[in-house]
Amino acid sequence: MTNRRSLCFAAVLITPILSATACLDVGFYDTTCPSAETIVQQTVAAAFRNYSGVAPALIRLHFHDCFVRGCDGSNLIDSTPNNTAEKDSPANNPSFRFLEVIDSAKAALEAQCPGVVSCADVLAFAARDSVVLAGGLGYQVPAGRRDGRVSNATDALFNLPAPFFNASQLVDSFAAKNLTVDDMVVLSGAHSVGVSHCSGFAGVDNPFFDRLYNFTGSPDGIDPSLNKTYASRLKSVCPANSSQFFPTTTTVLDPITPTKLDNKYYVDLINDMGLFASDAALLTDPEMKALVDAFVRSEATWRTKFARSMVQMGQIEVLIGTQGEIRRNCRVVNPVDATDIAAGSSSGYTGVAAN
């Protein structure tokens with residue numbers, strides 16, 4: 001059992017704008033659901049044994065959750081006939097995967113501690129467990145997040161950093177969430193694991209996306225910041241117009257150690273093998289480039305900083321206390337007329353996504 005420790009004071013010192021909204025506790029469920037973190041860990045580990053791609057998918061889910069309306073589990077809500085939810089935004093669909101792992105963990109928690117553990121916390125725990133399973137450093141997750149009731153595809157488009165962002169756009173995107181340049185470069189290291197669809201970097205009409213065939217100002221159509229040998233390899237995986245004809249085709253983000261969360265992503269960068277334009281952008285700013293070089297030299301430094309930045313990211317605009325709800329099913333919000341929206345009792349329900 002974890003000693004309960006509040007991060008409220010630390011959050012106020014580090015990010016004054018977050019203030020009380022970042023008041024979370026390590027060991028939050030020690031008395032109300034002591035096995036909460038163990039249940040999530042066991043569920044994620046079982047899924048990971050079947051397919052290692054579970055880890056990067058769940059890390060990404062947590063990141064995409066926190067950057068849109070804060071870490072409130074809103075990207076887990078399903079769309080309805082009247083509302084297109086975050087998960088069906090072009091920024092997330094079809095790349096969101098393994099949401100069923102979160103469903104399984106939540107179902108197990110509801111069976112043992114009904115109405116207690118939020119979907120937002122399940123996702124935060126699952127991301128931490130995924131970091132460890134992929135080879136990263138473990139860390140304590142402060143909890144107490146509540147679940148949001150709103151999920152809108154447009155919010156995802158306007159809040160998630162795009163794969164074609166330049167350095168200043170990346171800085172602005174992270175600063176809007178009270179994250180530093182250091183956090184941004186550190187968290188970009190999550191691209192050490194996982195895959196991308198071809199449409200993330202090639203085969204589309206937007207020249208800012210297409211680094212292989214139609215990059216603006218390039219005689220051969222290839223982004224000049226991309227290693228030519230690597231570009232040829234990517235072309236073999238993602239032929240021209242592959243986003244139209246092969247929409248499910250993917251390639252690994254890190255060609256050196258594609259299933260291990262390590263510092264090889266930064267080695268990729270200094271060899272001009274960052275997959276996205278936003279990856280290559282980290283070399284265009286002196287401060288960012290210095291961090292990249294530091295992480296190439298010391299994986300231990302990056303591992304420690306990554307764990308810290310994950311904790312920091314997990315405090316973005318959280319709902320606490322009686323805000324939001326404890327969703328019973330992560331895919332649907334609790335019914336509006338339920339008596340347990342604030343308290344989260346164990347009565348049955350059906351719900352729909354909020355507009």
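As the structure is a computational prediction, the values presented were derived from the model and not from experiment.
- Dense packing is recorded around CZ of R97, with more than 12 heavy atoms of other residues, nucleotides or ligands lying under 6.0 Å away.
- The pair R69-E86 does not count as a salt bridge, with every side-chain nitrogen at least 4.0 angstrom from each carboxylate oxygen.
- There is no path of hydrophobic side-chain contacts, each under 4.5 Å, that joins I316 to L157.
- The side-chain hydrogen bond (donor to acceptor under 3.5 Å, both in side chains) check on K228 picks up D220, with sequence neighbours excluded.
- Ring geometry for F98 versus Y51: interplanar angle of 30 to 60°, hence tilted.
- Remark: side-chain polar atoms of D147 are paired, donor with acceptor, to backbone N or O of R327 under 3.5 angstrom.
- Between N82 and T80, the side chains place no donor N or O within less than 3.5 Å of an acceptor N or O (distance only, hydrogens not considered).
- Remark: the N271 side chain and the Y230 side chain contain no N/O donor-acceptor pair separated by less than 3.5 Å.
- Classification of the F201-F276 ring pair by plane angle, with boundaries at 30° and 60°, yields tilted.
- Cluster annotation: L283 is connected to F295 through the hydrophobic network of ILVMFWY side chains, with a link wherever side-chain heavy atoms come within less than 4.5 Å.
- Distance alone, capped at 3.5 Å, places no donor-acceptor pair between the R211 side chain and the G200 backbone.
- A salt bridge links K289 with D293; the closest basic N to acidic carboxylate O contact falls under 4.0 Å.
- Looking only at distances, no side-chain donor or acceptor of S151 sits under 3.5 Å from a matching main-chain atom of N75.
- With values rounded to the nearest 0.5 angstrom, R145 atom CZ is found 12.5 Å from C119 atom SG.
- Ring orientation note: the planes of F67 and F174 are nearly perpendicular, at an angle over 60° on the 30°/60° scale.
- When only modelled atom types and interatomic distance are considered, T180 and D182 share no side-chain donor-acceptor pair under 3.5 Å.
- Between the side chain of D268 and the main chain of M273, no donor-acceptor pair closer than 3.5 Å is present.
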